[in-house]
Number of protein chains: 2
Amino acid sequence: MESRIDRIKKQLHSQSYKLTPQREATVRVLLENEEDHLSAEDVYLLVKEKAPEIGLATVYRTLELLTELKVVDKINFGDGVSRYDLRTEGADHFHHHLVCIECGAVDEIQEDLLGDVEKVVEEGWNFKIKDHRLTFHGICHRCHPKDHKESEGSEE
Amino acid sequence: MESRIDRIKKQLHSQSYKLTPQREATVRVLLENEEDHLSAEDVYLLVKEKAPEIGLATVYRTLELLTELKVVDKINFGDGVSRYDLRTEGADHFHHHLVCIECGAVDEIQEDLLGDVEKVVEEGWNFKIKDHRLTFHGICHRCHPKDHKESEGSEE
DNA sequence: CTATTTTTTTATAATAAGTTTAAATCGTTA
DNA sequence: TAACGATTTAAACTTATTATAAAAAAATAG
């Protein structure tokens with residue numbers, strides 16, 4: 001974990017930003033809750049436990065900065081709030097999401113899956129893809145019993 | 001176009017809602033701007049031209065209703081507003097979007113493309129897919145000149 | 001037909017997410 | 001130490017969306 005913070009620190013420095021205590025506390029919260037999809041408000045409340053004096057605006061600014069640096073991805077599942085999701089280190093593509101319409105759980109798919117589709121789109125539509133968002137809405141394995149085989153953990 | 005309105009009317013009636021003049025005006029705006037991705041505010045301004053006495057809240061309520069009925073899809077491209085997109089009649093899947101990070105244009109992909117991916121997800125993650133959202137962010141054919149072949153129109 | 005109930009709309013107020021601003025702070029450099 | 005730039009805080013402000021109360025319209029009962 002320290003090494004990841006170090007790398008983020010270097011990334012900030014390379015753009016002449018500093019890793020202030022507030023920013024570090026925010027990054028730590030994101031790392032400690034990597035499985036979740038926290039809103040700015042969620043992050044704010046968690047950061048406050050470490051750094052009670054921090055302001056909400058600072059959290060917003062930090063998240064914005066981290067989004068610019070591609071450390072996190074800002075995502076939106078259609079409820080009114082933006083959520084922030086740590087980009088998996090080394091991954092060249094943004095992971096996908098499974099949103100359960102029964103229980104609200106959000107699971108992640110790290111596998112690419114879109115390689116072929118992207119090729120088709122780039123060639124067929126003459127569009128240079130830089131990023132993507134893929135979310136499936138449906139019923140998760142916890143909410144319907146007819147299983148195949150299992151392994152995942154549960155969230156939210 | 002009249003026939004589509006008729007069908008929407010029947011859909012409303014089947015859930016014991018009425019196609020009031022305000023709702024009809026709103027639906028007409030959506031049909032007349034099928035290519036675009038209008039925000040509630042956009043719809044409101046366009047509807048006002050036909051029905052100047054309509055209130056913004058009514059437009060919001062109508063769009064919400066149409067979303068419930070799956071006549072439109074509520075989408076979100078990450079700017080702060082929700083946009084409303086007529087569901088292509090007869091299509092069993094929601095179409096995809098290409099958002100240009102240079103010029104902001106939003107193009108649509110009507111082709112499915114996700115059939116195989118969905119099969120993999122349903123089986124591998126034991127998740128019953130009901131809907132999906134797929135958006136590519138990148139550079140559209142208008143913003144980079146190296147063409148292959150062309151046909152699309154332009155929007156926004 | 002009139003009275004009554006239900007649905008919908010209007011206008012306005014309220015809420016909630018996110019952004020901006022001005023003043024204070026902090027770290028660094030001259 | 002003085003001065004500068006970057007950052008943070010707190011508070012005010014915007015903007016999108018939702019809720020509420022009163023009015024209007026439509027459907028239904030008598």
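Each chain gets a letter, A, B and so on, in the order its sequence line appears, and its residues count up from 1.
For A/R61, counting side-chain heavy atoms from C-beta on, the closest listed nucleotide (D/dT9, C/dT10, C/dG18) is D/dT9.
Under the 4.5 Å side-chain criterion, counting only non-hydrogen atoms from C-beta, A/Y17 is in contact with A/R23. B/D73 places none of its side-chain heavy atoms less than 4.5 Å from the side chain of B/T67. Side-chain contact between A/L114 and B/L134 is present, with heavy atoms from C-beta onward closer than 4.5 Å.
Side-chain atoms of B/H37 and B/E108 form a donor-acceptor pair, as typed in the model, at a separation below 3.5 Å.
Side chain of B/D6 to backbone of B/S3: no donor-acceptor contact under 3.5 angstrom is found.
Going from atom CD1 of A/I54 over to atom C1' of D/dT9 covers 10 Å, rounded to whole Å. A straight line from CG of B/L65 to P of D/dT17 spans 17 Å, rounded to a whole angstrom. The NZ-C1' distance, from B/K48 to C/dA11, rounds to 11 Å in whole Å. Between B/K74 atom NZ and D/dT18 atom C1' there is a gap of 10 Å when expressed in whole angstrom units. The nearest whole Å value for the distance from the OH atom in B/Y44 to the C1' atom in C/dT9 is 13 Å. Between B/L66 atom CG and C/dT8 atom C1' the separation is 15 Å, expressed in whole Å. The distance between atom NE2 of A/H13 and atom C1' of C/dG27, rounded to the nearest whole Å, is 12 Å.
The distance from the CH2 atom of B/W125 to the SG atom of A/C140 is 14.5 Å, given to the nearest 0.5 Å.
Note on A/L56: nothing from the nucleic acid sits closer than 4.0 angstrom, heavy atoms only.
Taking the six-membered ring for Trp and thresholds of 30 and 60 degrees, B/F77 and B/H97 have ring planes more than 60 degrees apart, a perpendicular arrangement. In this structure, A/H132 and B/F136 have perpendicular ring planes: the angle between them is above 60°, well past the 30° mark.
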Less than 3.5 Å apart, which donor and acceptor atoms pair up between the side chains of residues 49-65 of chain B and the rest of the protein, not counting sequence neighbours?
from  : atom 1 : to    : atom 2 : distance (Å)
B/K50 : NZ     : B/E32 : OE1    : 3.1
B/K50 : NZ     : B/E32 : OE2    : 3.1
B/T62 : OG1    : B/T58 : O      : 2.8

Heavy-atom contacts, protein to nucleotides 11-16 of chain D, under 4.0 Å, summarised as B (base), S (sugar-phosphate only) or - (none) per nt, yield -----S
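Within residues 15-24 of chain A, the residues approached by DNA chain D to less than 4.0 Å at the level of any non-hydrogen atom are A/Y17, A/K18, A/T20, A/Q22, A/R23, in residue-number order.
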